[in-house]
Chemist: 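Here you go, one structure.
Residue numbering restarts at 1 for every chain, and letters A, B, ... go by the order of the sequence lines. Here the structure is a predicted model, which means the values were calculated and not measured.
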Amino acid sequence: MPRVIIEKDRCKGCELCVRACPQQILRMTREINVKGYFFAEVFDQPRCIGCTLCALTCPDMAITIGANSVVYRFFEV
Amino acid sequence: MELIFKKPESLTDTITHYCPGCTHGVIHRIVAEVLDELGLRERAVGVAPVGCSVLAYNYFYCDFLEAAHGRAPAFATGLKRANPNLIVFTYQGDGDLASIGGNEILHAANRGEKFTTIFVNNAVYGMTGGQMAPTTLPGQVTTTTPFGRKVDDVGYPIRVAELLATLRTPSYIARTSVHNSEGIIATKKAMRKAFSYQKENVCFSLVEVLSTCPTNWGIPPKQAAEWVGEHMVPYYPLGEFKTPEKVH
Ligand SMILES: Cc1ncc(C[n+]2csc(CCOP(=O)(O)OP(=O)(O)O)c2C)c(N)n1
Ligand code: SF4
Ligand code: SF4
Ligand code: SF4
């Protein structure tokens, strides 16, 4: 299963990952990080398909994605 | 757990100074991934511009120079001619490349200097507070065009990729965008091609990337991404304009 890890203190709260996720499982928290931004979080990890689009979209390298089984590759990067 | 997406080695851990949602960060990551994948990092030298990406040397794990405004292609020419084994790339904004540096890039491309240019077109001067750039769209409001860019007065925006593609000297010229997922994937492909042509010592290469400047456009990042799709892409069509194989 894929696992999305968001390093909250790198996040600048731009919401671009929320827009990019085809599963719509990301959202902004109501807490603030060390920089004072509302950061992104995954609220429904089991529905993640490991497409990596959130990470490709994040301008701040705040998202890392792991997997502990076979993950389908949707496109060539 | 195996990582299926992680920071490329050619990028440092430093948190960038870019505004939230500014796609300069995405373009940096793509350049770094291509350097990693083609195994070029040890030979790479970047040339940073004057503009928001002036501090790019803090973000890449490779050698970097900082050029005077618009003069990155001249620095790159010197580096590449003195040591052709280096992989040289310039990273320039539209104010830097299309305005004060217009002459530099035109002649570097025309001489067929074998370096790669990453041209970030965000339709304004970002660093200095959102003044009109040569790439500002007709009617676009900026701090120096408060009533919108008037083409009768200052002409139409310059399509740099198309302009450079008219040159007879073989080169690779493409335009892509990073405002959505498809665009980001296409940008990576174009950059891999651009750096591969340099690696094989074939020709000059330039990728123009349509980018956002939410801060100076005065809209949130998500809306800025949409603005690129709605307004910039129709004026600046995406695709390859010139490849060295197809000489015209
Ligand atoms: C010789 C010179 N003229 C003018 C400036 C002021 N200046 C600094 S950045 C800039 C424009 C940057 O815009 P762009 O290249 O579009 O980059 P962005 O900040 O949008 O990424 C200008 C005109 C300067 N630093 N040096
Ligand atoms: S990997 Fe894909 S599905 Fe999972 S959170 Fe990111 S964008 Fe959404
Ligand atoms: S794209 Fe990155 S910086 Fe922007 S909200 Fe998502 S995690 Fe945060
Ligand atoms: S001013 Fe514009 S181009 Fe510069 S970092 Fe901010 S959003 Fe990016």
Chemist: Are any of the side-chain heavy atoms of A:L56 and B:R29 separated by less than 4.5 Å?
Modeler: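 Answer yes - side chains close enough.
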Chemist: Given heavy-atom pairs under 4.5 angstrom as the criterion, report whether the side chain, backbone, both or neither of B:T187 touches chain A.
Modeler: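 It is neither, since no heavy atom gets under 4.5 Å.
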Chemist: Looking at A:E7, A:M61, A:R10, which hits side-chain contact (heavy atoms from CB on, under 4.5 Å) with B:I15?
Modeler: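 The passing option is A:R10.
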Chemist: Flag the pair A:R73 / B:I4 as yes when at least one side-chain heavy-atom distance between them is below 4.5 Å, and no otherwise.
Modeler: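 The answer is no; the side chains never approach within 4.5 Å.
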Chemist: So for atom CD, which belongs to A:Q23, do other residues, nucleotides or ligands contribute more than 12 heavy atoms lying within a distance under 6.0 Å?
Modeler: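 Yes, enclosed.
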Chemist: Let me know if A:I63 has heavy atoms under 4.5 Å from chain B in its side chain, its backbone, both or neither.
Modeler: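 When you check distances to chain B, only backbone atoms of A:I63 fall under 4.5 Å.
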Chemist: Kindly indicate whether the side chain of A:V77, heavy atoms from C-beta on, has any atom under 4.5 Å from the side chain of B:E33.
Modeler: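 Of all side-chain heavy-atom pairs linking B:E33 with A:V77, none is under 4.5 Å.
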Chemist: Please state whether the side chain, the backbone, both or neither of B:K188 comes within less than 4.5 Å of a heavy atom of chain A.
Modeler: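 The side chain, not the backbone.
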Chemist: Is it the side chain or the backbone of B:I30 that comes within 4.5 Å of chain A heavy atoms, both, or neither?
Modeler: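 It is neither, since no heavy atom gets under 4.5 Å.
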Chemist: Take A:K12 and B:T16 through the side-chain contact (heavy atoms from CB on, under 4.5 Å) test and state the conclusion after the steps.
Modeler: CA-CA 10 Å; A:K12 292 181 187 162; B:T16 68; 2.9 Å; yes
Chemist: Please identify, among B:P20, B:P8, B:G183, the residue contributing the most non-hydrogen atom pairs under 4.5 Å to chain A.
Modeler: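 Between B:P20, B:P8, B:G183, the count favours B:P20.
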Chemist: Between chain B and each of A:D60, A:L53, A:N68, A:V4, count heavy-atom pairs under 4.5 Å; write down the option with the most.
Modeler: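 The option with the most such pairs is A:L53.
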Chemist: Does B:Y61 have more than 12 heavy atoms from other residues, nucleotides or ligands lying within 6.0 Å of its OH?
Modeler: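 Counting neighbours around OH of B:Y61, 12 or fewer heavy atoms of other residues, nucleotides or ligands fall under 6.0 Å, so no.
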Chemist: Say you draw a straight line from CZ of A:R3 to CD of B:E2; how long is it, rounded to the nearest 0.5 Å?
Modeler: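 One gets 16.0 Å once the value is rounded to the nearest 0.5 Å.
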Chemist: Going by residue number, which parts of residues 208-226 of chain B are within reach of chain A, meaning a heavy-atom gap below 4.5 Å?
Modeler: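 So far as heavy atoms go, B:P221, B:K222, B:A225, B:E226 are the residues that approach chain A to under 4.5 Å.
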Chemist: Side chains of A:P59 and B:Y18: closer than 4.5 Å at any heavy-atom pair?
Modeler: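 Answer no - side chains too far apart.
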Chemist: So, taking the atom named CZ in B:F5 and the one named CD1 in A:I5, what distance separates them when rounded to the nearest 0.5 Å?
Modeler: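 If we round to the nearest 0.5 Å, B:F5:CZ and A:I5:CD1 are 12.0 Å apart.
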Chemist: If I measure from the heavy atoms of chain B, does A:C11 come under 4.5 Å with its side chain, its backbone, both, or neither?
Modeler: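 Contact with chain B involves no heavy atom of A:C11 at all.
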